[in-house]
Amino acid sequence: MKVIAVIPARYNSTRFPGKLMEILGNKTVITTTYQNVVETGLFDEVFVATDSEIILDEISKNGGKAVITGEHETGSDRIAEAVKKIDCDIVINVQGDEPFLKKEPLNQLINVFLEDDKKEISLASLKIQLKESEEIQNPNNVKVITDNNDFALYFSRSVIPFHRELAYNVKYYKHIGVYAFRKEALIKFSSLEMTPLEISEKIECIRYLENGMKIKLIETDFIGVGIDTPEDLEKAKRLI
């Protein structure tokens, strides 16, 4: 299998415009993310897909690969445009604002497809258990529930499952926005209309579920910092 990594990078993020060009340590957020993905050694090719000449220049001047795409509502749509003419089997989507992602969870995602002999899985992603009430209640943390075989049932910014039976020790999981796609599933995704639940929740992987596609979730204990807000950037600075 040929496996590539694509980092979607939109300059004008809704919650934190220009965040990918903020300085983290002695480099920008997007350059830190790009170089960390390259250094895993897992991929035949790594590049950034962006709508911004600023980000394109930033990656290029630091020796990386980047391409310009059109305007898109989701990172998956942006990646689909970028990879249409690229010969590959599996595409890993690493968010540009996840600079601390490690090699092990990325390798686990790749292995999902190596072990999927029947080619039933369209998409694989990561989840991590949430234990603090504040984190569970936070709508910026997308929650996911899965079946007994770790296939996604639903994603939501609301608290799922609802804890009606307080005597039962239910677990809550946060979805980490790192995706591994079969290329054909990604191209199919981009041809489908946005769905009502996807639009309501603003969660792109719901489009896969509403169209009957299988998403495998891998539990990880990886703790990084996704940079969605200025406060997250300060946390990342302390971590680095």
Shortest non-hydrogen pair, Thr69 vs Ala49, comes out as CG2-CB, 4.1 Å
Between Asp116 and Lys216, does a salt bridge (charged side-chain N to carboxylate O under 4.0 Å, His left out) hold up when you go through it step by step? CA-CA 11 Å; Asp116 181 27; Lys216 182 81 167 182; over 6 Å; no
Do Leu114 and Leu126 sit in one hydrophobic cluster, given that two such residues count as connected whenever their side-chain heavy atoms are within less than 4.5 Å of each other, even indirectly? yes
Does Lys188 have more than 12 heavy atoms from other residues, nucleotides or ligands lying within 6.0 Å of its NZ? no
Before you tell me yes or no, could you show the steps for Asp77 and Thr74 under side-chain hydrogen bond (donor to acceptor under 3.5 Å, both in side chains), namely the whole-Å CA-CA distance, both residues' side-chain angles and the distance that decides it to 0.1 Å? CA-CA 5 Å; Asp77 288 308; Thr74 72; 2.7 Å; yes
Assess whether side chain to side chain contact (heavy atoms under 4.5 Å, CB included) is satisfied between Val83 and Ile4, documenting all intermediate values. CA-CA 9 Å; Val83 304; Ile4 68 171; 4.0 Å; yes
Atom of Ile121, atom of Phe113 and distance for their closest heavy-atom approach: O-CE2, 3.6 Å
Between Lys19 and Asp232, does the salt bridge (charged side-chain N to carboxylate O under 4.0 Å, His left out) criterion hold? Intermediate values first, please. CA-CA 10 Å; Lys19 66 182 180 180; Asp232 292 334; over 6 Å; no
Indicate whether the side chain of Lys174 and that of Gln129 have a donor and an acceptor atom separated by less than 3.5 Å. no
Give a yes-or-no answer on whether the side chains of Thr220 and Lys127 include a donor-acceptor pair shorter than 3.5 Å. no
Please tell me if the side chains of Leu217 and Ile215 come closer than 4.5 Å, counting only heavy atoms from C-beta onward. yes
Do Ile187 and Phe181 belong together in a cluster built from hydrophobic side chains that touch within less than 4.5 Å? yes
Any donor-acceptor N/O pair, Asp150 side chain to Thr146 backbone, under 3.5 Å: no
List the steps, then state whether side chain to side chain contact (heavy atoms under 4.5 Å, CB included) holds for Asn93 with Val178. CA-CA 6 Å; Asn93 169 355; Val178 180; over 6 Å; no
Could you state the interatomic distance from CG (Leu20) to OH (Tyr11), rounded to the nearest 0.5 Å? 9.5 Å
Taking Asp147 for its side chain and Asn149 for its backbone only, find out whether a donor-acceptor pair lies under 3.5 Å. yes
Decide yes or no for Glu58 and Thr31: does some side-chain heavy atom of the first lie under 4.5 Å from some side-chain heavy atom of the second? yes
How far apart are the closest heavy atoms of Thr33 and Gly96, and which atoms are they? OG1-O, 2.9 Å
Would a distance-only check, ignoring hydrogens and angles, find a side-chain to backbone donor-acceptor pair under 3.5 Å from Asp97 to Gly226? no
Tyr172 side chain reached by Glu135 side chain, heavy atoms, under 4.5 Å: no
Quick one, Ile218 with Ser125, criterion side chain to side chain contact (heavy atoms under 4.5 Å, CB included). Give me CA distance, side-chain angles, the key distance, then yes/no. CA-CA 6 Å; Ile218 302 295; Ser125 196; over 6 Å; no
Would Ile136 and Ile145 show up in the same hydrophobic cluster when neighbours are defined by side-chain heavy atoms closer than 4.5 Å? no
With rounding to the nearest 0.5 Å, note down the distance linking OG in Ser122 to OH in Tyr179. 14.0 Å
Side-chain contact, heavy-atom cut-off 4.5 Å: Glu39 with Lys103? no
Check each of Arg207, Glu210, Glu204, Glu201 against Thr195 using the side chain to side chain donor-acceptor pair (under 3.5 Å) test, and report the only one that passes. Glu210
Glu22 versus Thr28, side-chain donor and acceptor atoms under 3.5 Å: no
Test Arg78 against Glu81 for salt bridge (charged side-chain N to carboxylate O under 4.0 Å, His left out), laying out the working first. CA-CA 5 Å; Arg78 187 180 307 284; Glu81 179 190 340; over 6 Å; no
Can you measure from CG (Asp57) to OG (Ser52) and round to the nearest 0.5 angstrom? 8.0 Å
Search all heavy atoms of Ala5 against all heavy atoms of Val37 and return the closest pair with its distance. CB-CG1, 3.9 Å
Near Glu193 CD, under 6.0 Å, is it more than 12 heavy atoms from other residues, nucleotides or ligands? no
Once rounded to the nearest 0.5 Å, what's the spacing between atom OG of Ser191 and atom CG of Leu186? 10.0 Å
Glu234 CD: over 12 foreign heavy atoms closer than 6.0 Å: yes
So do the side chains of Val29 and Ile227 get within less than 4.5 Å of each other, counting heavy atoms only? yes
Just verifying a value: how many Å separate Leu123 CG and Cys205 SG, rounded to the nearest 0.5 Å? 7.0 Å
Is it the case that the side chain of Arg182 and the backbone of Glu184 share a donor-acceptor pair, with hydrogens and angles ignored and the cut-off at 3.5 Å? no
Checking Lys143 side chain against Asn141 main chain: does a donor-acceptor pair fall under 3.5 Å? yes
Tell me if a side-chain donor or acceptor on Tyr34 pairs with a main-chain N or O of Lys65 at a distance below 3.5 Å. yes
Got a donor-acceptor contact below 3.5 angstrom from the Thr50 side chain to the Leu56 backbone? no
Can any side-chain N or O of Arg157 pair as donor or acceptor with the backbone N or O of Lys202 at less than 3.5 Å? yes
Please find the pair of heavy atoms, one from Pro99 and one from Leu24, that lie closest to each other, and give the distance. CG-CD2, 3.8 Å
Tell me if a side-chain donor or acceptor on Asp89 pairs with a main-chain N or O of Lys2 at a distance below 3.5 Å. yes
Can you tell if the side chain of Pro105 reaches within under 4.5 Å of the side chain of Leu101, non-hydrogen atoms only? yes
Lys102, NZ: over 12 other non-hydrogen atoms inside 6.0 angstrom: no
Path from Ile92 to Phe47 over hydrophobic side-chain contacts below 4.5 Å: no
Between Lys183 and Lys84 (side chain of the first, backbone of the second, donor and acceptor by atom type, cut-off under 3.5 Å), is there such a pair? yes
Ile110, Ile86: one ILVMFWY side-chain cluster at the under-4.5 Å cut-off? no
Between Leu109 and Ala180, the two heavy atoms sitting closest are CB-CB, 4.0 Å
Within this structure, what is the NE2-CD1 distance for the pair His175 and Ile203, rounded to the nearest 0.5 Å? 9.0 Å
Check against side chain to side chain contact (heavy atoms under 4.5 Å, CB included), Ile59 and Ile30: CA-CA 8 Å; Ile59 295 298; Ile30 188 61; 4.0 Å; yes
